[in-house]
Amino acid sequence: MKTKLVSGKLERVTSELLVVFAFDAAEKKQPAKETKPAIKLLTTGNAVAEATAAILSSGEFAAGSCETVLLHAPSGFKAERILLVGLGKVTPSEVRKAAGAAVRFAKPRKLRELSIAIPSSEGLDPFAATRALVEGAYIGDFDPDTYRSDRKDQSIEQLSVVSDGADQAAVDAGLREGVIIGEAQNFTRSLVNEPGNVMTPTVLGEKATEMCRQYGLKCEVYGADKLKELKMGAFWGVTKGSEEPPALIVMTYEPKSAPATPVLGLVGKGITFDTGGISIKAADGMEKMKYDMAGGAAMIGAMQAIAQLKPAVKVIGIVCAAENMPSGNAMKPGDVQIAMSGKSIEIINTDAEGRLVLADGLSYARQLGATHLIDAATLTGACVVALGMVNAGSFSNNEETYKHFSDALQISGERFWRLPLEDEYAEQIKSTIADMMNTGGSRWGGAITAAMFLKEFAEDTPWIHLDIAGVAWTEEPKPWIAKGPSGIPVRTITEWVRSYAK
Ligand code: BES
Ligand code: ZN
Ligand code: ZN
């Protein structure tokens with residue numbers, strides 16, 4: 001998708017589809033049904049209001065979130081069609097979704113080009129609105145049907161962002177950032193979408209290398225020898241049952257403008273397929289476990305965005321990529337593995353493999369000088385039980401770094417809910433033979449005991465853990481996003497990093 005900025009009056013825009021956002025300004029009283037909608041268009045000038053007057057007065061369009069109505073051959077307009085898209089509320093998050101819905105409206109109708117008017121409203125920052133609009137358009141443009149023989153590539157070729165000429169600098173900057181972040185998020189989605197037979201640890205390493213070369217980052221991809229050299233017994237325990245070699249991916253962003261500290265360490269779980277290992281999973285739904293590398297893919301996408309946004313802060317991105325397979329060489333329940341940090345782990349369940357690879361990833365990030373850590377992983381089914389598929393789980397051992405994270409959420413619009421880390425939970429992972437077990441003695445609080453396990457390896461470094469098991473894959477298509485990989489939490493990680501350069 002190419003993007004460009006067009007300034008001028010909406011009626012003069014030549015386009016197959018001109019998109020304008022609207023909302024219901026009526027004060028909501030109870031019962032809601034009795035409140036008459038008062039639809040407001042987020043445009044400057046009256047032309048769109050005049051052309052759509054009949055629709056607006058018909059009561060057929062309530063301007064609810066992502067609600068659409070189409071008008072052909074609007075009078076007085078050069079555009080062939082006007083699409084009104086509702087915003088539930090006038091916020092950047094709603095703008096992001098509405099732009100995605102507009103793109104997903106256009107795609108199956110064989111429209112390859114569209115123009116979206118930047119919403120103008122007093123309560124909306126033009127930079128944030130433009131950025132969210134462009135991000136949303138990219139998100140909407142992604143479809144996962146890569147391997148379908150009847151795939152009709154319906155991608156949008158040209159997106160024009162239409163400005164009324166005000167706030168030019170803010171709009172320009174919003175467009176630029178929106179493209180960078182939208183592309184990074186879709187890059188992550190494309191990695192997560194690949195099946196396990198294609199996206200092996202080696203291929204994930206190649207994709208990271210390619211991205212780093214393109215955007216000027218340093219990248220190293222290490223194999224089994226390095227794991228042994230670093231004494232990464234936890235990571236090794238997971239990978240040793242597979243014929244596919246592991247990949248320890250290390251991406252470095254070190255701009256000259258950055259001070260010596262902080263050094264931010266991003267650590268992602270890159271299990272390219274999780275069978276569960278010897279503690280094998282049930283067949284039902286196992287195919288989904290190709291997305292068990294979504295945390296790692298998010299770190300690769302975030303590094304791509306960081307390389308282009310160029311914040312003045314050092315960042316190290318680490319992905320621990322492996323396949324979790326049962327075999328004659330596989331790790332067994334009861335085995336004891338010694339992690340890179342020297343801590344011993346009694347393996348109770350080989351399906352709790354994510355925390356093992358991350359344990360060594362976190363230790364390695366610290367060894368490389370990370371002063372602040374963030375990890376992302378499709379870590380536990382328990383997190384999905386706790387929070388469903390709306391919010392992902394977040395955890396932290398440090399209030400200050402978590403403040404950076406919650407501020408980043410305000411910008412990214414992604415949704416995380418903080419869960420507790422308290423010493424009592426660690427009782428559940430105490431082992432008689434080793435320093436800890438890799439799963440809790442009971443299944444209660446499974447997302448928390450997994451986080452408590454990781455906390456042992458973050459040690460005294462400020463750290464955030466993101467359990468994205470429930471949100472990395474969108475199970476039901478939505479008006480603004482296809483079913484499939486979501487690319488969460490690329491946007492938040494990127495903003496968290498940028499917050500340290502402010
Ligand atoms: N990759 C899974 C977690 C997962 C579950 C991701 C559902 C996405 C959707 C993880 O490796 C796993 O298998 N966790 C186990 C841990 C248990 C054995 C303590 C789980 O959640 O059941
Ligand atoms: Zn598992
Ligand atoms: Zn897993």
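Both counts, for ligands and for their atoms, begin at 1 and track the order of listing. FYI, side chains are in, hydrogens and waters are out, and symmetry mates aren't considered; it's all heavy atoms of this structure.
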Legend entry - Region of Asp351 that comes within reach of ligand 1 [heavy atoms, distance under 4.0 Å]: both

Inset, instruction - Have a look at ligand 1 and work out which part of Ile271, if any, has a heavy atom under 4.0 Å from it: side chain, backbone, both or neither. - result: neither

Below the 3.5 angstrom mark, is there an N/O of [X], backbone or side chain, next to an N/O of ligand 1?
| X | value |
| --- | --- |
| Tyr291 | no |
| Gly381 | yes |
| Asp274 | yes |

Inset, instruction - Work out which heavy atom in Glu400 is nearest to a heavy atom in Asn398; give both atom names and the distance. - result: N-OD1, 3.0 Å

Legend entry - salt bridge (charged side-chain N to carboxylate O under 4.0 Å, His left out) involving Asp284 - partner list, sequence neighbours excluded: none

Legend entry - With sequence neighbours excluded, residues passing salt bridge (charged side-chain N to carboxylate O under 4.0 Å, His left out) with Glu427: Lys430

Contact check, [X] vs ligand 1, heavy-atom distance below 4.0 Å:
| X | value |
| --- | --- |
| Asn349 | yes |
| Trp473 | no |
| Lys281 | yes |

Legend entry - Nearest protein heavy atom under 4.0 Å from atom 1 (N) of ligand 1, yes or no: yes

Does the pair [X]/[Y] count as a salt bridge with the N-to-O cut at 4.0 Å?
| X | Y | result |
| --- | --- | --- |
| Asp225 | Lys228 | no |
| Arg366 | Asp460 | yes |
| Arg213 | Glu210 | no |
| Glu475 | Lys483 | no |

Legend entry - Protein N/O/S atoms closer than 2.8 Å to the Zn ion (ligand 3): Lys269 NZ, Asp274 OD2, Asp292 OD2, Glu353 OE2

Measure from NZ or CZ of [X] to the centre of the six-membered ring of [Y], then state whether that distance is under 6.0 Å and the direction lies within 45° of the axis.
| X | Y | answer |
| --- | --- | --- |
| Arg189 | Phe187 | no |
| Lys288 | Trp473 | no |
| Arg418 | Tyr402 | yes |

Inset, instruction - Distance to 0.1 Å, residue and atom name: give those for the protein heavy atom nearest to atom 14 (N) of ligand 1. - result: Leu379 O, 3.5 Å

Legend entry - Nearest non-hydrogen protein atom, atom 19 (C) of ligand 1: Thr439 CG2, 3.6 Å

Inset, instruction - Check ligand 1 against Thr378 and write out every atom of the ligand that is under 4.0 Å from a heavy-atom position of the residue. - result: 1 (N), 2 (C), 3 (C), 6 (C)

Inset, instruction - May I ask you to list the atoms of ligand 1 that are less than 4.0 angstrom from any heavy atom of Lys269? - result: 1 (N), 10 (C), 11 (O)

Legend entry - Ring centroid separation Phe405 to Trp496 under 6.0 Å: no

Legend entry - From the candidates Met437, Glu353, Met389, Met289, the one that places a heavy atom nearest atom 7 (C) of ligand 1: Met289

Legend entry - Option whose closest heavy atom lies nearest to atom 17 (C) of ligand 1, chosen from Ala447, Ser279, Ala352, Gly354: Ala352

Inset, instruction - Scan residues 301-341 for pairs that pass ring-ring contact (aromatic ring centres under 6.0 Å, His included), counting only residues two or more places apart or in two chains. - result: none

Inset, instruction - Would you please test Met437 and Ile345 for side-chain contact (heavy atoms from CB on, under 4.5 Å) and show each step? - result: CA-CA 5 Å; Met437 305 190 294; Ile345 305 164; over 6 Å; no

